S.K.: 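I am attaching a structure below and will ask some questions about it afterwards.
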Number of protein chains: 2
Amino acid sequence: MQQRGTFQLMKSVNKSIILNKIRIAEPISRAQIAKETSLTPPTVSSIVKELLEEGLVRESQLGESSGGRKPTMLHINSGAFYVIGVDAGPETVEGVLTDLTGEILQRAKQKLEKPLNNEKFIDILKDNIRHNLAAPGIDQTKIIGIGIAMHGVVDVETGMSLVAPNLNLKNVPIKQELEKEFNIAIKVENDARAMALGESWFGGHGEADSMVAVNIGRGVGAGVVMNGKLYHGAQGIAGEFGHMTIDLNGSICECGNPGCLQTFVSGASIAERARSRMGEGAPSTGQEVYELAQEGHAASIKLLQETGRIIGIGLINLVHLINPRKIVLGGGVMKSEAFLMPAILETIRQRALTPKARQTSISVTRLGEDATLLGAVALLLVEMFDPI
Amino acid sequence: MQQRGTFQLMKSVNKSIILNKIRIAEPISRAQIAKETSLTPPTVSSIVKELLEEGLVRESQLGESSGGRKPTMLHINSGAFYVIGVDAGPETVEGVLTDLTGEILQRAKQKLEKPLNNEKFIDILKDNIRHNLAAPGIDQTKIIGIGIAMHGVVDVETGMSLVAPNLNLKNVPIKQELEKEFNIAIKVENDARAMALGESWFGGHGEADSMVAVNIGRGVGAGVVMNGKLYHGAQGIAGEFGHMTIDLNGSICECGNPGCLQTFVSGASIAERARSRMGEGAPSTGQEVYELAQEGHAASIKLLQETGRIIGIGLINLVHLINPRKIVLGGGVMKSEAFLMPAILETIRQRALTPKARQTSISVTRLGEDATLLGAVALLLVEMFDPI
DNA sequence: ATCCCATAGATAATAAATTAAATTAACTAA
DNA sequence: TTAGTTAATTTAATTTATTATCTATGGGAT
């Protein structure tokens with residue numbers, strides 16, 4: 001049954017409003033919070049008092065007065081708690097320890113030597129996490145949980161990795177194993193979705209009500225964030241952007257269907273098209289295509305521009321269906337941003353059905369590789385900051 | 001700023017939970033409501049008391065006892081208020097007067113004689129509405145508002161029809177004009193979206209958390225319903241399903257882009273493909289293709305099956321992106337349900353990325369033409385039943 | 001029939017949390 | 001030094017759900 005109206009609801013709604021206000025607008029005074037949220041000053045004071053007691057928020061020296069008492073500024077108490085985030089990609093496992101503001105305090109990275117099996121993989125995860133758990137100068141009891149951004153298909157409820165194609169693994173009970181080992185909160189999510197959450201929380205997008213982050217690299221994935229939370233859909237598969245059919249007669253994708261967006265714009269697909277067009281001496285990876293383009297190689301530049309056009313077509317489908325306020329692009333392929341973006345933006349401009357559709361903000365992530373790691377961290381922060 | 005935690009919030013959340021419970025599960029007793037919503041009996045009693053006083057709910061004779069006092073059953077008091085819904089389509093204006101349960105009490109229908117202009121169109125709307133306002137035996141003061149399902153692009157905020165291609169009208173200030181004339185609440189919405197809402201409220205889908213309704217007829221439109229409310233997206237254009245690119249090299253759509261879904265599956269597109277394939281004596285409308293197929297005409301059957309396959313491809317894109325619990329199909333083209341559905345379902349089965357994706361329920365509307373009209377009605381009911 | 005128990009619903013007292021109004025605190029300007 | 005302004009807290013009033021208790025009513029066992 002749905003969330004009913006109780007005093008706890010009322011309070012936790014307000015608490016979360018205030019906490020998020022502080023997170024997004026710090027430093028900020030109580031009075032300012034009251035103004036901007038239209039909560040009354042006593043409500044703000046009493047909730048802030050609790051937040052101070054819980055250690056989630058701290059006060060700092062007074063701010064500037066504009067003809068009256070100086071305001072006491074409030075901040076997220078970044079050192080009150082810590083979170084571990086792990087990005088388990090197709091080739092490496094990378095982990096970070098961060099504070100509550102997403103500041104990275106320590107990193108750990110390992111290669112995934114193949115062939116793997118479930119036990120080996122879990123062991124590598126554990127090693128990685130142990131390193132960050134034992135960070136010098138950090139009180140272990142202050143670490144509130146571990147978020148895992150896992151490549152492949154994930155069941156969020158059970159925290160199980162169902163299929164991880166590039167690792168050649170199936171049904172890895174990540175959450176179960178890690179909970180047993182570390183006895184701490186564990187969240188597991190698909191990596192593209194985690195990236196979306198990371199972007200939404202730490203990408204400097206303010207309080208955007210809806211955002212889609214698209215990762216274009218080895219594959220193409222997307223995550224949909226609404227009101228600061230991941231949207232999963234009824235069966236938890238929303239955002240499978242890479243396998244959107246955009247060409248009825250396109251070539252067959254690894255998923256078995258013809259004409260998926262991914263068959264045009266993933267790194268491997270770009271390389272493949274280069275091969276089929278340029279023949280002998282063609283670049284053999286997306287990276288090489290990019291390097292050639294940078295050197296002014298006309299065919300490579302054209303290839304990337306075409307790729308941008310097709311990404312644009314995929315995005316306009318997204319705009320017309322989901323109509324998010326922002327779309328953020330990331331992943332290896334987006335390193336060719338300089339060649340892709342003009343074509344992407346032009347395609348969207350051309351194809352938008354209405355002038356309003358053109359208002360969707362399209363940008364490239366400024367977080368780079370860390371978006372996914374920070375997203376893994378945000379999996380825990382969401383619970384802390386938005387406990388409804 | 002976002003909805004904050006207040007006493008009104010707490011109460012209206014509970015009121016709406018109870019009212020909707022009664023709407024969906026009537027007849028139902030107070031005790032049963034308490035059980036199913038996990039609200040306490042006194043809370044239920046006190047809110048039900050208010051609803052009885054407001055006339056929104058009525059009691060009926062006692063239900064069956066199972067070893068104790070007989071329960072008093074509660075119902076929506078259908079005759080307490082009335083709503084007018086209008087479907088302003090490309091060729092006709094049809095209006096209904098309904099009670100709170102969507103029971104249609106009276107209808108009015110007019111042809112739209114072309115050429116039209118804004119004044120003529122508004123006059124026809126007014127005439128239509130006047131007829132239903134003056135329904136015999138209905139207390140006019142009990143009519144709470146008028147919902148308009150308008151063909152074309154609508155600005156929901158201002159209640160303005162921005163573009164109505166098949167009527168050749170632009171910038172018709174529907175809400176403004178009707179409010180001036182009738183001095184009553186007016187809601188204006190795009191017709192495909194209204195249909196989605198109607199389907200969600202009156203299609204017998206229970207409390208589906210998310211639903212997409214797709215109208216395939218002259219054009220192809222869709223509406224997305226989440227938690228009983230229409231999802232508009234950031235710029236109010238979410239659900240533009242018909243103009244999803246599914247074929248990079250497809251023919252040019254009326255919107256100017258190549259390969260829109262609509263260019264394959266709208267009524268006119270089906271007829272056009274018939275013409276290009278069957279040559280002399282080909283059916284000239286989608287309707288004729290259907291009639292031929294019914295008579296066993298092989299080429300027509302094949303054409304419809306192919307159309308079904310392409311609809312299926314469009315839908316699987318929808319499933320992978322939005323992942324709604326249900327998809328409901330309607331519109332003129334779906335009259336060929338018998339030939340389309342097997343191909344649609346088979347395509348979805350084939351192309352679904354995961355077994356879960358196959359769990360999306362796909363069905364054809366049972367409301368027929370009335371889905372849009374009832375959706376127009378529901379535009380008002382949403383406010384009454386879900387006032388948050 | 002009568003007693004006991006179970007279920008439905010109502011009432012009264014209590015608790016949680018917000019809001020409004022008043023108060024205290026602390027600063028700027030002139 | 002005083003007036004005016006902004007910040008924050010305190011107190012009382014208000015709203016609404018909850019807990020506990022009670023009344024109403026019916027079925028089944030004896």
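Please read all numbers here as calculations on a predicted model, not as lab measurements. Order of the sequence lines fixes the chain letters, A, B, ..., with proteins taken first and strands second; residue numbering starts at 1 for each chain.
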S.K.: Hey, does the side chain of B:Ser210 reach the backbone of B:Arg325 with a donor-acceptor pair shorter than 3.5 angstrom?
M.R.: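 Here the side-chain-to-backbone pair exists.
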S.K.: Can you check the B:Arg30 CZ to D:dA24 P distance for me, whole Å?
M.R.: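 Whole-Å distance recorded here is 16 Å.
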S.K.: Just call it for A:Pro71: base, sugar-phosphate, or nothing, with non-hydrogen atoms closer than 4.0 Å on any strand.
M.R.: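 Sugar-phosphate contact only - A:Pro71 comes under 4.0 Å of backbone atoms but never of a base.
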S.K.: Within the structure, does a side-chain N or O atom of A:Lys35 lie under 4.0 Å from either OP1 or OP2 of D:dA7?
M.R.: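 It does, given that an N or O in the side chain of A:Lys35 lies less than 4.0 Å from OP1 or OP2 of D:dA7.
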S.K.: Closer to the 5' end of DNA chain C via nearest nucleotide, is it B:Ser45 or A:Lys11?
M.R.: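 Closer to the 5' end of DNA chain C: B:Ser45.
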S.K.: How close or far is atom P of C:dG9 from atom CD1 of B:Ile47, stated in whole angstroms?
M.R.: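 Between P of C:dG9 and CD1 of B:Ile47: 15 Å.
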S.K.: How is B:Lys15 classified with respect to the nucleic acid when contacts are heavy atoms under 4.0 Å: base, sugar-phosphate, or nothing?
M.R.: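 No contact at all - B:Lys15 keeps every heavy atom at 4.0 Å or more from the nucleic acid.
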S.K.: Taking NZ, NE, NH1 and NH2 as the nitrogens, is one of them in A:Arg58 or A:Glu26 under 4.0 Å from a carboxylate oxygen of the other?
M.R.: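 Result for this pair is no, no salt bridge flagged.
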S.K.: Whole angstroms only, please: what is the CE-P distance between A:Met73 and D:dT6?
M.R.: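 The answer, rounded to whole Å, is 16 Å.
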S.K.: Check A:Gln235 against B:Asn323 and note the closest heavy-atom contact, atom names and distance.
M.R.: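 Scanning both residues completely, I find the closest heavy atoms to be OE1-OD1, 2.7 Å.
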S.K.: Starting at CD of A:Gln3 and ending at C1' of D:dA17, how long is that distance when rounded to a whole Å?
M.R.: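 Distance check: A:Gln3 CD to D:dA17 C1' gives 14 Å.
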S.K.: Identify which one of A:His205, A:Lys326, A:Arg366 satisfies the side chain to side chain donor-acceptor pair (under 3.5 Å) criterion when paired with A:Glu199.
M.R.: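 Running side chain to side chain donor-acceptor pair (under 3.5 Å) over A:His205, A:Lys326, A:Arg366 with A:Glu199 returns exactly one hit, A:His205.
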S.K.: Quickly work out the A:Leu9 CG to D:dA17 P distance and round it to whole Å.
M.R.: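 These atoms are roughly 11 Å apart.
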S.K.: Is the shortest side-chain N to carboxylate O distance from B:Glu383 to B:Lys187 below 4.0 Å?
M.R.: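 A salt bridge links B:Glu383 with B:Lys187.
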S.K.: In B/S/- notation, 5' to 3', how is nucleotides 19-29 of chain C contacted by protein heavy atoms closer than 4.0 Å?
M.R.: BBB---BBBS-
S.K.: Determine, stepwise, if the pair B:Glu189 / B:His232 fulfils side chain to side chain donor-acceptor pair (under 3.5 Å).
M.R.: CA-CA 10 Å; B:Glu189 185 53 272; B:His232 287 97; 2.7 Å; yes
S.K.: Expressed in angstrom and rounded to an integer, what is the separation of B:Lys49 atom NZ from C:dT11 atom C1'?
M.R.: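 Atom-to-atom, B:Lys49 to C:dT11, this comes out as 10 Å.
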